[in-house]
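Here is the naming used below: chain letters follow the sequence lines, and residue numbers restart at 1 for every chain. Just so it is clear, the model here is predicted, and its values are computed rather than measured. Values below: all heavy atoms of this structure, side chains included; hydrogens, waters and symmetry mates excluded.
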2 protein chains.
Amino acid sequence: MLNMFGILEKPLITITNIIWSFDRTTKQLQVLLVKRAQPPYQNSWALPETFMRTQESADEAALRLIREKIGLNLSDFYTEQLATFTNQQRTSNERALSLAYMTFLPEMPALKAGYGALEARWFAFSAVQKRYCLSNRQLTFQTAAEASETAYYQALKQQQPDQHLAFDHEWILRLACQRIKNKLNYQPNILLVLGAQFTLKEARMIYAAFLGIKPSEIDNSNFKKTHKHLFKDIGISSSKQIGRPAKLYRLASNKVEF
Amino acid sequence: MLNMFGILEKPLITITNIIWSFDRTTKQLQVLLVKRAQPPYQNSWALPETFMRTQESADEAALRLIREKIGLNLSDFYTEQLATFTNQQRTSNERALSLAYMTFLPEMPALKAGYGALEARWFAFSAVQKRYCLSNRQLTFQTAAEASETAYYQALKQQQPDQHLAFDHEWILRLACQRIKNKLNYQPNILLVLGAQFTLKEARMIYAAFLGIKPSEIDNSNFKKTHKHLFKDIGISSSKQIGRPAKLYRLASNKVEF
DNA sequence: TTAATAAAAGTATTTGGTACTTTTATTTTT
DNA sequence: AAAAATAAAAGTACCAAATACTTTTATTAA
């Protein structure tokens with residue numbers, strides 16, 4: 001398509017979805033990765049992706065992705081937009097923008113790999129964080145000094161594929177961590193992975209992961225006081241465990257502001 | 001483009017840029033609107049837009065938009081991504097996704113309408129807020145209950161064009177307000193419109209606009225204490241005015257986290 | 001029955017937010 | 001030139017929240 005100023009871009013639209021859940025037995029936050037069946041980045045681990053189709057909104061595509069690629073048939077989850085990635089160097093062949101979403105599942109369902117994936121697997125977030133150095137590094141998006149993004153995409157080409165996530169997925173994950181951390185104090189949507197009821201210890205485990213500290217560094221008593229506006233005691237105690245049973249809480253509001 | 005599952009979408013990409021500045025004489029936050037020269041929404045006020053071209057990143061397109069449509073040739077400003085709008089009902093003809101950005105100008109330059117615009121004009125944000133009811137209404141994007149977004153796009157078709165901004169631009173602006181408000185306490189990028197040095201009164205004017213209160217309702221002394229981590233006293237006093245001269249401040253950090 | 005465990009519950013101290021008052025530096029008026 | 005008006009800086013006292021820490025309680029394991 002041409003107009004008097006140049007050729008308009010009509011790129012493919014990739015939907016990339018960071019899918020979070022929580023393992024109740026290990027009390028570990030989980031993130032879903034798939035092993036790619038086809039090139040590029042064949043056999044590499046990647047965030048689940050799909051191309052957007054005609055007659056479908058991005059949100060719908062994000063849901064279809066969950067169904068098709070991961071074999072999940074769920075009704076109860078929450079998806080929010082993360083950001084859109086437009087750098088030309090992010091793909092090598094035909095240009096594709098990536099609309100990144102985050103989905104929070106209130107349980108940790110069994111997975112089966114769908115089309116395009118050799119395998120779909122839950123990973124403990126702490127392991128992924130360590131493996132791919134998703135530290136709290138500041139990401140600057142200042143247009144005047146967008147050097148860091150440019151530098152990242154330059155370096156991307158030299159990477160060993162088997163030691164990294166496919167495409168710019170580490171960059172996307174890093175951004176997701178930053179976003180979740182920023183919202184921890186006013187809109188901790190990440191806690192939706194804890195489902196309808198949870199203990200404060202479980203909430204603390206998640207907070208600690210994004211704050212970059214050990215869970216033991218957060219005092220239970222103080223945590224309860226500081227976040228009492230976010231959690232509501234539902235008057236039930238947790239099931240059998242060593243020590244006094246923990247109370248169960250729910251999120252105070254499921255209204256989610258943008 | 002076809003694969004075994006269906007037809008992939010390759011939509012046009014619209015870059016929509018909300019451009020903010022500050023009028024030092026009236027101490028009013030300003031937002032830039034253009035009057036559309038061509039259909040659809042001919043003669044309606046709209047946020048500045050352009051189509052993305054090949055060989056150009058979305059960030060570059062956002063910058064080109066500033067140059068071409070508004071005749072600004074600036075080097076010193078900051079642009080950040082707001083969100084991406086993908087609803088099919090947002091355009092009537094060929095499908096177009098909109099990548100919305102926000103740009104903060106440290107001055108309020110004169111405008112000249114460029115290609116596609118009959119006029120480009122600065123509006124006092126307070127007037128725009130009132131005119132288009134950009135109140136603090138909660139916007140829910142819960143995928144399970146995305147009724148509000150769907151309802152919005154349904155209602156959009158019935159709107160009187162001359163009483164509203166073009167396309168879904170009121171929706172986009174409302175989201176921008178919400179985002180700015182949320183970031184006021186930890187990353188008030190909106191204050192970049194105040195330039196290299198500003199008085200606390202100027203900062204208070206902007207805070208008040210997004211908090212939905214009168215500037216007089218914010219106590220100067222307390223505001224200073226509460227936000228002292230964000231502002232740095234640069235030891236200079238403001239120029240001649242009635243009353244004791246205000247000190248000048250700068251933003252403590254121009255590092256911007258995502 | 002006792003020890004160990006883990007969380008609830010409570011306390012005391014420090015920090016930060018809020019409401020309010022006083023002081024100071026400037027312009028305008030007399 | 002002096003006094004009044006203005007607007008912000010600077011200070012104060014009080015209340016609420018965050019933090020560090022201790023005690024109590026409900027449970028399991030030995």
Contact class for A:S221 vs. all strands (heavy atom < 4.0 Å): base, sugar-phosphate, or nothing?
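The answer is base, as A:S221 lies within the cut-off (heavy atoms under 4.0 Å) of a base atom.
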
Proximal nucleotide (of D:dC21, D:dA26, D:dA29) relative to the A:D219 side chain
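Given the options D:dC21, D:dA26, D:dA29, the side chain of A:D219 is closest to D:dC21.
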
Take A:D233 and A:I242, find for each the nucleotide of DNA chain C with the closest heavy atom, and name the residue whose nucleotide sits nearer the 5' end.
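It is A:I242 whose nearest nucleotide is closer to the 5' end.
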
Measure CG/A:L248 against P/D:dA26 and give the value in whole Å, please.
17 Å

Separation of D:dG11 C1' from B:F223 CZ (nearest whole Å):
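Answer to the nearest Å: 19 Å.
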
So for atom NZ, which belongs to B:K27, do other residues, nucleotides or ligands contribute more than 12 heavy atoms lying within a distance under 6.0 Å?
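More than 12 within 6.0 Å, yes.
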
Find the distance B:Q241:CD to D:dA9:C1' and express it as a whole number of Å.
12 Å

Nearest whole angstrom, please: distance from the P of C:dT15 to the NE2 of B:H229.
17 Å

Side chain of A:N220 - closest among D:dA26, C:dA8, D:dA9
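Closest of the options to the side chain of A:N220: C:dA8.
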
d(OH, B:Y207; P, C:dG17) in whole Å
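After rounding, the reported distance stands at 12 Å.
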
Can a donor-acceptor pair be found between the side chains of A:N185 and B:Y186 at a distance below 3.5 Å?
no

Rounded interatomic separation in angstrom, taking OH from B:Y249 and P from D:dA8:
12 Å

The nucleotide from D:dC21, D:dA8, C:dA7 with an atom nearest the side chain of A:K201 is C:dA7

Could you state the NZ-C1' distance from A:K27 to C:dA6, rounded to the nearest angstrom?
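For the pair A:K27 NZ and C:dA6 C1', the rounded distance is 12 Å.
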
Does OP1 or OP2 of C:dA9 have a side-chain N or O of A:K247 closer than 4.0 Å?
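Indeed, a polar side-chain atom of A:K247 lies that close.
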
Quick check on ring pair (Phe, Tyr, Trp, His ring centres under 6.0 Å): which of B:F210, B:Y132, B:F22 does B:F125 satisfy it with?
B:F210

Verify the distance criterion only: is there a donor paired with an acceptor across the side chains of B:S21 and B:E107 at less than 3.5 Å?
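The answer is no; no qualifying pair exists.
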
Verify, without hydrogens or angle tests, whether B:W122 (side chain) and B:P109 (backbone) share a donor-acceptor contact under 3.5 angstrom.
yes

Checking all strands, does A:K225 fall into the base, sugar-phosphate, or nothing category for heavy-atom contacts under 4.0 angstrom?
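A:K225: base contact, heavy atoms under 4.0 Å.
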
Nearest listed nucleotide, side chain of B:T226, among C:dA7, C:dG17, C:dC20:
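It is C:dG17.
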
For B:N222, report the nucleic acid contact type (base, sugar-phosphate, nothing); a contact means any heavy atom under 4.0 Å.
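If one applies the 4.0 Å heavy-atom cut-off, B:N222 turns out to touch a base.
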
Nearest whole Å is fine: how far is C:dT18 P from B:K224 NZ?
16 Å

